[in-house]
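The structure under discussion appears below in the form of structure tokens.
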Amino acid sequence: MHRLAATPGGWTPDTEGVIFVEQTPAPLVFLTAADTDIQSLSRARFPTGFPALRVASLLQLQQQLAIDTYADDVLRHAQLIVVRLLGGRAYWPYGLEVVREVAADTSAALIMLPGDDRPAPDLISHSTVPLTVANQLWRYLNEGGVENMANGLMWVCDRVLNTAFQPPDPQPIPKVGVYSASAKFKISPLETLREQNSKSKIGLLFYRAHYLAGNTAPIDALCAALVKRGLEPLPVFVSSLQDPDVQAELVDLLQPKDGDGIDVLLNTTSFSVAKLDGASPNLALWERLDVPVLQVILSGGTEAAWASQTLGLSPRDIAMNVALPEVDGRIITRAVSFKAANQRSEVLETDVVTYEPVADRVEFVADLAVQWASLRRTPICDRRIALILANYPNRDGRLANGVGLDTPQSAIEVLRALKAAGYSVGDIPTDGDELIQYLTQGVTNDPEGRDFRQIHQSLSVTDYLQHFETLPEAVRTGMSDRWGTPLDPAHRTHSTHP
């Protein structure tokens, strides 16, 4: 067994060895799944006499041995333990079992809270303090920000540890606000914003928690890249896209009734808005905005881990930032930032993890925004749209395959929708079966029968070479190594039968 230092981004199943979070004991321990909580607490200034505080990320406490060791070294010496979970009890089941056992053995006060603004009675009910105390601390943490979080811990210490700090009540912070990269942590009234930025065209959504924690480097980088391209960004923080009130305020802000709205929306929030639970999907927000929504990924892992993995993003990132957003119909772009531990809080005895942007990936997304904004302003009659169906593995029986999906019929519905929207669409097959019959009359990727089918698609060598030269050098080299130079007959055959 190897003993590894804790690393930002947390433990992954393929990590070799066991990660231990090494801290000295303290009366107050705060465990959280959100890096923004740690960022805020690292910036907090507590009064003289405030109990020693230890903060740890639940991402670093995933292995049973690591949890048991942390419980023995730190939790068993605590008088008050606060656990803030995203995803409910199922997110950290073994850890909750251990924490409850420790609290029962040591008589420490235990407060279990959800990590968002949705009530979780099954979680908070495991707290050993009165529910009124747990609920009030939850209010402080929900409002968020440095002052609210510090005041919340002072307030609960007054009730549990017999201190006398007497902090103010939780201070409300808007669920929706406009962020100014040039004047951080100031919220502009919506009317003033519209007067100053009446020509804003690119919306940029990010979590309110990042705003409150000052974790905005990727947002600043995206704004700068958009401005450099002659676009006007409108960065907006939100508490959650699940909230109907937030949705209504967003529509009013991004697509006001005066018609001066955005052309494209860059969204960095995770999960989906639509709930596919057998009922009709709730896509009202996106329908009212009526713009392309590009999903921009703020990875929950480190850049080193991403670069070293053949799959790139972790399963957790793929689930939250790719698979679920696709349910909404968002257009996936790429990860533009990764976690990095740039500083350490000696008071909290923990690394402070922030999101660091990667320049070339930010530039890529900004370029996409330019193209999508241009396309939206292009008249329908001048747009050219391709509908691409999978043809792999190389058998006609796999043409347009999709597990659990009727892709051919979906293609028919898309064609009908395009025609209804005013696009010029030729004769549309009556159903998916007719579409497949039409496609398989010509050459496909299936090598069987290729020589006996008509070739409906072709490309001249001149046009092929022109497109070939626009490919990255690594791609051109790889194609040449596999199929020969572009002028080889064998290579031309492949280019003629895509």
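No experiment lies behind these values; they were computed from the predicted model shown. Hydrogens, waters and symmetry mates play no part in the numbers below; they use all other heavy atoms, side chains included.
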Subject >> Any donor-acceptor pair under 3.5 Å from Arg383 side chain to Arg376 backbone >> reply: yes
Original post:
How about Thr36 and Asn215: does a side-chain donor come under 3.5 Å of a side-chain acceptor?
Top reply: no
Subject >> Candidate list Leu283, Val327, Leu241, test side chain to side chain contact (heavy atoms under 4.5 Å, CB included), partner Ser272, passing option >> reply: Val327
Original post:
Where the side chain of Gln171 meets the backbone of Tyr140, is there a donor-acceptor pair that is under 3.5 Å apart?
Top reply: no
Original post:
Between the main-chain N or O of Ala474 and the side-chain N or O of Thr477, is there a donor-acceptor pair closer than 3.5 Å?
Top reply: no
Subject >> Arg384 CZ: over 12 foreign heavy atoms closer than 6.0 Å >> reply: no
Original post:
Sub-3.5 Å donor-acceptor pair from the side chain of Asp263 to the main-chain atoms of Ser374, do we have one?
Top reply: no
Original post:
Short question: side chain of Gln309, backbone of Ala307 - any donor-acceptor pair under 3.5 Å?
Top reply: no
Original post:
Where the side chain of Arg229 meets the backbone of Ala225, is there a donor-acceptor pair that is under 3.5 Å apart?
Top reply: yes
Subject >> Side chain Asn148, main chain Pro170, donor-acceptor under 3.5 Å >> reply: no
Original post:
Quick one: does Ile297's side chain get under 4.5 Å of Val322's, heavy atoms only?
Top reply: yes
Subject >> Under 3.5 Å donor-acceptor, Ser40 side chain and Asp37 backbone >> reply: no
**OP:** Say whether, by atom type as modelled, one donor and one acceptor occur between the side chain of Trp92 and the main chain of Leu61 under 3.5 angstrom.
**Re:** yes
Original post:
Is Lys175 salt-bridged to Asp243, going by a charged N under 4.0 Å from an acidic O?
Top reply: yes
Original post:
Do side-chain atoms of Arg476 reach the backbone of Leu471 as a donor and acceptor pair under 3.5 angstrom?
Top reply: yes
Subject >> Heavy-atom check, side chain of Leu85 versus side chain of Leu123, under 4.5 Å >> reply: yes
Subject >> Atom pair CG (Leu212) and CD1 (Ile173), whose distance is rounded to the nearest 0.5 Å >> reply: 4.5 Å
Original post:
Are Leu298 and Val336 side-chain neighbours, meaning at least one heavy-atom pair lies under 4.5 Å?
Top reply: yes
Original post:
Should Arg43 and Glu147 count as an ion pair when the cut-off is N to O under 4.0 Å?
Top reply: no
